[in-house]
Structure formats: structure tokens, C-alpha cells
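What follows is one structure encoded as C-alpha cells, with my remarks underneath.
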Amino acid sequence: GQSLEQPSEVTAVEGAIVQINCTYQTSGFYGLSWYQQHDGGAPTFLSYNGLDGLEETGRFSSFLSRSDSYGYLLLQELQMKDSASYFCAVPPGKRNDMRFGAGTRLTVKP
Amino acid sequence: ETGVTQTPRHLVMGMTNKKSLKCEQHLGHNAMYWYKQSAKKPLELMFVYSLEERVENNSVPSRFSPECPNSSHLFLHLHTLQPEDSALYLCASSQVLRGQGYNEQFFGPGTRLTVL
């Protein structure tokens, strides 16, 4: 089966850097994605890693190590608007849907 | 706006009612999904319509019934629901290629359902 583990909560201050980790177990691996969800909003796609290494998109970066079944989302120069829940997600095998982690609640303080 | 719309945004219903949730995507995608999001739980996939096939989560009760008349519209028919079915129901769409892991999902704003 598939399972994803990520911390339930993280707190940081404005301007800081925070890393949200995700470990996964899947039957076959087809990439790791990250989504952001603000309170009352819908999840929005942030990034995808299909291969090992770092993908950078502005202040956000995502890393994958397939040998360790591990990835992380790195948020730099934190802003108050980054306060949200962040989900890692994997496709469960070759099916065309996504399995989401329980989410990490990020709180950015002044 | 993500190009995925859902109606209604809020719904309160009794356990004996029958209602339907509607989703429409304007992105030309070939896959649509229903997810359930309950407080403090992961997003739970309910149903997928993708590349002309339907996939369903076997743990979803039969009181939830999906319908996908075409690639742009998706419905979730609800009947004799239970209070524990109260949750945010999210629709999503994506453009999928067989065997590809990249599957960016575009979510609608959700329907907040309360079952009394």
C-alpha cells in the first residue's frame, strides 16, 4: 500500500527558512508532489519531483531522494502569507490519482 | 480561480434528503476527481474518472454515487447521508498521460457539507 508521513505542525518566524519533510512508502514510485492549502481554500499545486535532486521555484524548493524514500519542501524568506497547510502526495502506483499525506500546518509568526 | 467550479459552496441537509454536488472544469482536462476532506484527516480520494475509466475507493459508502456525463462535468449524488459525512468535498481535474507520475491537480473551492 501507500503511506506518507509528515510532521503535523511547524512554526517559524518571518524571514526564516523552514523545511517540511515527507517520507513515503509506495508500491512503485512515480514522483512526489507538494500542495499548499490556506484555511478555507482549496489545495494548490506547488512542485513535483520525479527524479532525485532539488527543484527550485522562487522562494520554494523541493527535494527528493528516491533511495531514502524521502523528500522535503523548503520555504525561504518566510512571509505571513505562507501560513497554510502543506501536503506531500504520490500517485498510488500507475493509477491516475493522488494519495495525500495528512498535511503539515505551518504557522509564520512576526 | 483555478478553472474548476463547484456548486453549491455550502449545503446543509437532513439524513433523509437527496442532493447532488456539481463540478465543472474549463481546462480541457481528461480526468476528474472527488476528494473528501474531514477535519484533521488527510485528503481522501473517493472517485476518479480518467481516460474513460472509473476508479473508486472501496471504502466509500454506497450512499455516495458519482456521475461523469462528459469530460467537463462531474456530479456526486448524495442520499441518506450520516452526520459523519459532514466534510469539505473537493473536486479536482488534471491532464493525465498513461504511466506518468506528474499529475498536477487543479482543485475547485469545495462544497462544505453539513448533515444534520
Side-chain angles (χ1 to χ4, degrees), chain A residues 1-9 22-52 55 57 60 62 64 66 69 71 84-105, chain B residues 1-6 9-10 23 25 27 29-60 66 71 88-112:
Chain A
Q2 288 78 33
S3 68
L4 299 107
E5 298 289 332
Q6 53 181 128
S8 59
E9 295 182 6
C22 175
T23 56
Y24 59 85
Q25 289 185 330
T26 62
S27 53
F29 181 73
Y30 299 90
L32 181 70
S33 298
W34 289 92
Y35 287 76
Q36 177 192 59
Q37 185 178 26
H38 287 99
D39 285 348
T44 56
F45 174 84
L46 289 178
S47 69
Y48 170 78
N49 292 75
L51 300 173
D52 290 353
E55 295 285 339
T57 308
F60 294 1
S62 57
L64 176 67
R66 287 176 294 172
S69 297
S85 292
Y86 293 85
F87 299 87
C88 56
V90 295
K94 289 187 176 180
R95 279 170 33 182
N96 296 314
D97 58 271
M98 299 297 283
R99 186 66 50 82
F100 287 82
T104 299
R105 174 75 187 176
Chain B
E1 293 295 326
T2 63
V4 181
T5 58
Q6 290 186 243
R9 294 292 306 276
H10 300 272
C23 176
Q25 59 99 357
L27 302 168
H29 287 164
N30 61 3
M32 297 188 75
Y33 312 77
W34 280 116
Y35 288 91
K36 176 183 178 182
Q37 188 173 35
S38 303
K40 305 206 183 285
K41 288 187 177 181
L43 277 162
E44 177 188 354
L45 177 73
M46 301 178 73
F47 301 101
V48 185
Y49 282 85
S50 172
L51 299 173
E52 301 179 354
E53 62 182 359
R54 170 179 150 177
V55 176
E56 61 184 85
N57 182 339
N58 291 330
S59 68
V60 175
S71 61
L88 181 67
Y89 288 84
L90 290 159
C91 172
S93 73
S94 69
Q95 183 65 21
V96 297
L97 297 174
R98 281 197 192 279
Q100 295 289 322
Y102 179 78
N103 184 0
E104 179 179 350
Q105 310 229 317
F106 293 77
F107 285 85
T111 296
R112 175 67 63 185

**Message:** Taking salt bridge (Lys or Arg N to Asp or Glu O under 4.0 Å) as the cut-off, I'd like each qualifying pair that reaches into residues 22-34 of chain A, sequence neighbours left out, listed once.
**Reply:** none

**Asked** Considering the options B:Phe107, B:Tyr33, B:Trp34, which one meets the side chain to side chain contact (heavy atoms under 4.5 Å, CB included) requirement together with B:Leu90?
**Response**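 So, applying the side chain to side chain contact (heavy atoms under 4.5 Å, CB included) to B:Leu90 and each of B:Phe107, B:Tyr33, B:Trp34, only B:Phe107 qualifies.
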
**Prompt:** Is the centre of the A:Phe45 ring less than 6.0 Å from the centre of the A:Tyr35 ring?
**Reply:**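 They qualify: ring centres under 6.0 Å apart.
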
**Asked** What part of B:Gln37 lies closer than 4.5 angstrom to a heavy atom of chain A: side chain, backbone, both or neither?
**Response**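 Interface part for B:Gln37: side chain.
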
**Segment of B:Leu43 engaging chain A (4.5 angstrom heavy-atom cut-off)** =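 Interface part for B:Leu43: both.
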
**Message:** Check the orientation of B:His29 and B:Phe106. Use parallel for under 30°, tilted for 30 to 60°, and perpendicular for over 60°.
**Reply:** tilted

**Message:** Let's test your reading of the structure: which of A:Gly103, A:Gly40, A:Ala42, A:Ser85 forms the most heavy-atom pairs below 4.5 Å with chain B?
**Reply:**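 Ranked by contacts with chain B, first place is A:Ala42.
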
